[in-house]
Amino acid sequence: MTAHLNIEVIIFNQVARFCRNLLKNNSDICSTEDLKLNVITRQEHNISRKDLSDNALKVLYRLSNAGYDAYLVGGGVRDILLGQEPKDFDIATNATPEQIKKLFRNCRLIGRRFRLAHILFGRDVIEVATFRGHHKEDNEKKNISAQSDEGMLLRDNVYGTVEEDAERRDFTVNAMYYNIADYSIHDYANGIEDLKNGIIRLIGDPETRYREDPVRMLRAVRFAAKLDMTICDKTAAPIAELSPLLRDIPAARLFEESLKLLQTGNGLNTYWMLRDFNLFQQLFPVLTPFLTEEGNSPAEQMIELVLRSTDKRINSGKRVNPAFMFAAMLWYPLTAKAQEIQDDNPKFDHYESIMEASNLILDTQVRSTAIPRRLTATIRDIWQLQLRLPRRTGKRAFVLIEQQKFRAAYDFLEMRGKVEGGETKDLCDWWTEFQDAPAPHRNNMVQNLNGGRRSGGPRKRRSPYRKKKRANNDS
Ligand code: ATP
Ligand code: MG
């Protein structure tokens, strides 16, 4: 088989893919018994050492020079073959974590469930994993592997051969190994064919593999959306039904996954795919009642707006703050909850009910995706500023515009204006004009609010008596 990949071939194959999928490939499963080593020599593929980071090369060579096997694996191989830049470089070796640690001073061993070595080069981290082997009952007793009653892998620290390691990888396109010893690619699950045909296919029995680690369902969607590939029928079939298994995954891991899904430049596509597989609903249960057949409820419109703008920012190299996305996605569940609270407690004013609803909505959300506290603080700030933006009289507008979070709050209001129209849109237009206006015009704009009653004309001095009275009350 020739495997000389280049980008033109891949584009051509994308066109041919649909037809081929219909014919055969799309419905087969990749049984672990079918795994067979296919070596693609350096002349037959387009990965060059120039495509790897210096740090990844350093780690590969140091392992190799010390007599260990060392391969680049996973996204590093897959993405370079597709002509894309890998997000990170993952390395697999037969050296144990302890042996790796001895070789690298800048090494930290991490993870209990899945023990790994991180080689640190400043902020760049190269992940090195020891080949995983098969689980045996014996291992459970020795506490190196463990599985829950539902089949979920609780610990996976059985080491094995590279062949066994390939079986334990998730998708065929992720089970290709670039060998630093001779620059060949070792392809165990015919990943190269699936890559050419644009197919995401699990290795082994899909249901068992999803039960072992339900996050694989999210990964299938992530790769399909990111790489514009199709999840093959048998790999896709069990997802919707098994999606509730995600509830057993620690919320901290799901938070990390949610960022990879929605904050890496393909958020909008990924969102729609996640919804189709009933996965989005597991990550954002508070949004489930707001999802409609037509897909255009205010909450859904807001999700689309924020994901579209997030994708645009990321793809033009700008930074994004996940707090903004979470704030937008949860805004309409928040206002609905606030309304409920106000209906039940007529004594609560609008501000109080929004504050109370913020606590309830965020408490519920962090149970599925553990949004860290520094981000929930920003989410609250953005929400609170929505209540302050309509109050512009006197010095308020001038103070507000200087606030650190003003820009985020304004961008947020702009999206709300698009969804709600009416007064919200008018308010947004006012702020748009105010931001760019010269000082005298800004004063006029504020004076014109409420017919200029409160801010027009010379300010009345507050009577010294009222000041005193307030001071007494405060004490
Ligand atoms: P990217 O880095 O672009 O997100 P990736 O495929 O490199 O994609 P990583 O999370 O970096 O993903 O994992 C590296 C490799 O480890 C994967 O390609 C896959 O072979 C293996 N892997 C990761 N997570 C799992 C999992 N849950 N089950 C089985 N194999 C996995
Ligand atoms: Mg990776």
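Atoms within each ligand, like the ligands themselves, are counted from 1 in listed order.
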Between Lys234 and Glu207 (salt bridge meaning N to carboxylate O under 4.0 Å), is one present in this structure?
no
Lys260 to ligand 1: N or O pair under 3.5 Å?
no
In ligand 1, which numbered atoms sit nearer than 4.0 Å to a non-hydrogen atom of Gly74?
18 (O)
How far is atom 27 (N) of ligand 1 from its nearest protein heavy atom, and which residue and atom name does that atom have?
Asp213 OD2, 2.8 Å
Please determine, by modelled atom types, if Tyr271 and Glu300 share a side-chain donor-acceptor pair under 3.5 angstrom.
no
For Gly75, the ligand 1 atoms with a heavy-atom partner under 4.0 Å come out as 5 (P), 6 (O), 7 (O), 18 (O)
Which protein heavy atom lies closest to atom 2 (O) of ligand 1, and at what distance to 0.1 Å?
Asp88 OD1, 3.0 Å
Using a strict 4.0 Å cut-off to heavy atoms of Arg168, name the atoms of ligand 1 that fall inside it.
29 (C), 30 (N)
At what distance, to the nearest 0.5 angstrom, does OG1 of Thr310 lie from CZ of Phe324?
7.5 Å
Which of the ligand 1 atoms, numbered from 1, are nearer than 4.0 Å to a heavy atom of Arg216:
26 (C), 27 (N), 28 (N), 29 (C)
Hey, would you say the Phe280 and Trp272 ring centroids sit under 6.0 Å apart?
no
Looking only at N, O or S atoms, find the one in Asp90 nearest to the Mg ion (ligand 2) and name it.
OD2
for atom 1 (P) of ligand 1, nearest protein heavy atom and its distance come out as Lys87 CE, 3.6 Å
Under 3.5 Å: N/O of Arg209 near N/O of ligand 1:
no
Atom 6 (O) of ligand 1: closest protein heavy atom, distance to 0.1 Å, is Arg78 NH1, 2.8 Å
Count the heavy atoms of every other residue, nucleotide or ligand shown that sit under 6.0 Å from NZ of Lys405, and state whether that count exceeds 12.
yes
Any idea which atoms of ligand 1 are less than 4.0 Å away from a heavy-atom of Phe223?
6 (O), 8 (O)
Under 3.5 Å: donor-acceptor pair, side chain of Thr264, backbone of Lys260
yes
Among the N, O or S atoms of Asp88, the one nearest the Mg ion (ligand 2)
OD1
I'd like to know if Arg407 and Asp411 make a salt bridge, using a cut-off of under 4.0 Å between side-chain N and carboxylate O.
yes
In ligand 1, the atoms that come under 4.0 Å of a heavy atom of Asp90 are 7 (O), 11 (O), 14 (C)
With a cut-off of 6.0 Å (strictly less than), are more than 12 heavy atoms of other residues, nucleotides or ligands near CD of Glu241?
no
Any salt bridge between Lys337 and Glu340, counting N to O under 4.0 Å?
yes
So, does Asn65 use its side chain to make a donor-acceptor pair with the main chain of Tyr61 at under 3.5 Å?
yes
re atom 23 (C) of ligand 1, the protein heavy-atom contact at minimum distance is Arg219 NH2, 3.1 Å
Side-chain donor-acceptor contact under 3.5 Å, Arg380 with Asn359
yes
Identify, by atom number and element, the atoms of ligand 1 in contact range of Arg169, meaning under 4.0 Å from any of its heavy atoms.
15 (C), 16 (O), 19 (C), 20 (O), 21 (C), 29 (C), 30 (N)
What protein heavy atom is closest to atom 19 (C) of ligand 1, reported as residue, atom name and distance in Å?
Asp170 OD1, 3.3 Å
Among all protein heavy atoms in this structure, tell me which lies nearest to atom 4 (O) of ligand 1, with the distance rounded to 0.1 Å.
Arg222 NH1, 2.7 Å
Sub-4.0 Å atoms of ligand 1 with respect to non-hydrogen atoms of Lys226
3 (O)
Test side chain to side chain donor-acceptor pair (under 3.5 Å) applied to Arg201 and Thr172, Asp194, Thr235, the passing residue:
Asp194
